[in-house]
There are 2 protein chains.
Amino acid sequence: MVKVSFREQVLRVREDAIVASVNRLLAEKGFDLMTVDEVAADVGIAKASLYKHFPSKEALAAEAMVRVLDRALAFLATLDALPSAFERLHAVARWTMQVQLAGQMPSLPAQNSSLRTALVSHRAYMDRLMEVSDKLGDWITDAQAAADLDPALPPELILYTLFARACDPVLGVMKAGGRFSDEQIIAMLLQTCFGGLARPASATCQASAVPAT
Amino acid sequence: MVKVSFREQVLRVREDAIVASVNRLLAEKGFDLMTVDEVAADVGIAKASLYKHFPSKEALAAEAMVRVLDRALAFLATLDALPSAFERLHAVARWTMQVQLAGQMPSLPAQNSSLRTALVSHRAYMDRLMEVSDKLGDWITDAQAAADLDPALPPELILYTLFARACDPVLGVMKAGGRFSDEQIIAMLLQTCFGGLARPASATCQASAVPAT
DNA sequence: GTCTATAAATCGATAGAC
DNA sequence: GTCTATCGATTTATAGAC
């Protein structure tokens, strides 16, 4: 049994609070518009204290991403009960959309170079990203072998598309419109993601692959 | 006939060069990471001279968006020859993907508030955006009436999705992968956009809606 | 470890000479 | 209109007292 002092527990709780604030602010404003002053104010500590826990703004974002990937891995582990790889992928896409609509999906710009270099050097982040990608990659090839996903598409393209749909701005715009509930929006986005915009009304085509909600 | 002095022509050419640089830098780095110093250096003039032409960084971005929307409107006008609304929408999606892969699609963050307020107050930008949206909206409802697009989807969701696919990060990631040509990437992205990831192999389903390239 | 105070660098925007 | 030079504000990061 590992000895954990009271002081270390306090430190852990404090860091949890920091990462929770970072996660929320990243989802709300994105990396570039989130300031470290803001994070400190949100947590309720001084900025200098923040830098005692994390060495840089990039490290803050990386840690938030680690937590999200941990949540994702925990969710993936619950999906083994589902009968087909396609249904597992469908459930993953639904889950990422729910996280985003709940304002808990940190949005990192794909272009910021200082952030990208920090992320690729971040072991914990890269390990988890690889683990998620590997698991999804296996399911994708399985679903293609079963012809539930289009076998003509490169598996990598399907993987990237699922990641991209987790951050799809259409979700936020539809939510801002206010005409549909979160569940309705997610159902429609899942439909366009897996079935496409042009899915014909033919029941033969619809029945084959999309599991019921 | 309108009198245009030589001096006014020079000014116009200079401003064209400015907007061209802004457009390229916006596509390359995005609004937040693009600096005005960078634009001035790229054009080859001093920053103070830039501000004689445009009052703010936001105005620079707005003008770049106006040019892109003008290019889009010009392209839309060439599509009336196509027989169906669906084929026109398909051609529009292909065109936006080509523009993005060519590094000419400015990317504006959906979250930056100072930029958003500047854009919605920008008459020329809003007028063109409305014009594009109206035209696409008409085609969308036509394509739904013809059952080429899923009539169960709200037209606004289809419109937003088409806009979002014009900035889809999957395009850039696949291009960075280097395994496929631009045309192959576009063909696959069009397939996933209109046909979905799960399109079954059945020829009956494939033939109905997707026009040949 | 937490704080106040500040360094160091960047960036948008402007002043003023020509 | 273009330039050099600089302001003013913001932001990341740190120094040093407690």
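Side-chain atoms are counted along with the backbone in the values below, which use heavy atoms only and exclude waters and symmetry mates. We name chains A, B, ... by the order of the sequence lines, and we start the count at 1 in each one.
- In this structure, B/Asn112 contributes its side chain and B/Leu115 its backbone to a donor-acceptor pair below 3.5 Å.
- Residues A/Glu183 and A/Arg94 are paired through a salt bridge, judged by an N-O separation under 4.0 Å between the basic side chain and the carboxylate.
- The pair A/Arg165-B/Asp168 counts as a salt bridge, with a side-chain nitrogen and a carboxylate oxygen less than 4.0 angstrom apart.
- For the OP1/OP2 pair of D/dG1 and a distance below 4.0 Å, the side-chain nitrogens and oxygens of B/Ser49 include no atom meeting the criterion.
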(Q) Can you build the contact string for nucleotides 11-18 of chain C? Use B for base contact, S for sugar-phosphate-only contact, and - for no protein heavy atom under 4.0 Å. (A) SBBBB---
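- Five base pairs at each end of the helix from C/dG1-D/dC18 to C/dC18-D/dG1 define two local axes, and these are offset by 20° (rounded to 10°).
- Regarding B/His53, its NE2 atom lies at a distance of 7 Å from the C1' atom of D/dG1, rounded to whole Å.
- For the segment residues 9-25 of chain B, the set of residues with a heavy atom within less than 4.0 Å of an atom of DNA chain C is empty.
- Judged as a ring pair (Phe, Tyr, Trp, His ring centres under 6.0 Å), not a single pair has a partner in residues 7-28 of chain A (not counting sequence neighbours).
- Of the charged side-chain nitrogens involved, none lies within less than 4.0 Å of a carboxylate oxygen, so that A/Glu131 and A/Lys135 do not count as a salt-bridged pair.
- The pair B/Glu15-B/Lys52 fails the salt-bridge criterion, with no side-chain N (NZ, NE, NH1 or NH2) lying under 4.0 Å from an Asp/Glu carboxylate O.
- Sorted by first then second residue, the salt bridge (charged side-chain N to carboxylate O under 4.0 Å, His left out) pairs that include residues 101-113 of chain A, not counting sequence neighbours, number zero.
- Ion pairing between B/Arg67 and B/Asp16 holds under the 4.0 Å rule for side-chain N and carboxylate O.
- Protein atom CG of A/Leu50 is 11 Å distant from nucleotide atom C1' of D/dA13, rounded to whole Å.
- Evaluation of the ring pair (Phe, Tyr, Trp, His ring centres under 6.0 Å) test over residues 36-64 of chain A, restricted to residues two or more places apart or in two chains, returns none.
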Q: Verify side chain to side chain contact (heavy atoms under 4.5 Å, CB included) between A/Leu76 and A/Arg71, making sure each step is shown before the conclusion.
A: CA-CA 9 Å; A/Leu76 294 188; A/Arg71 288 181 60 190; over 6 Å; no
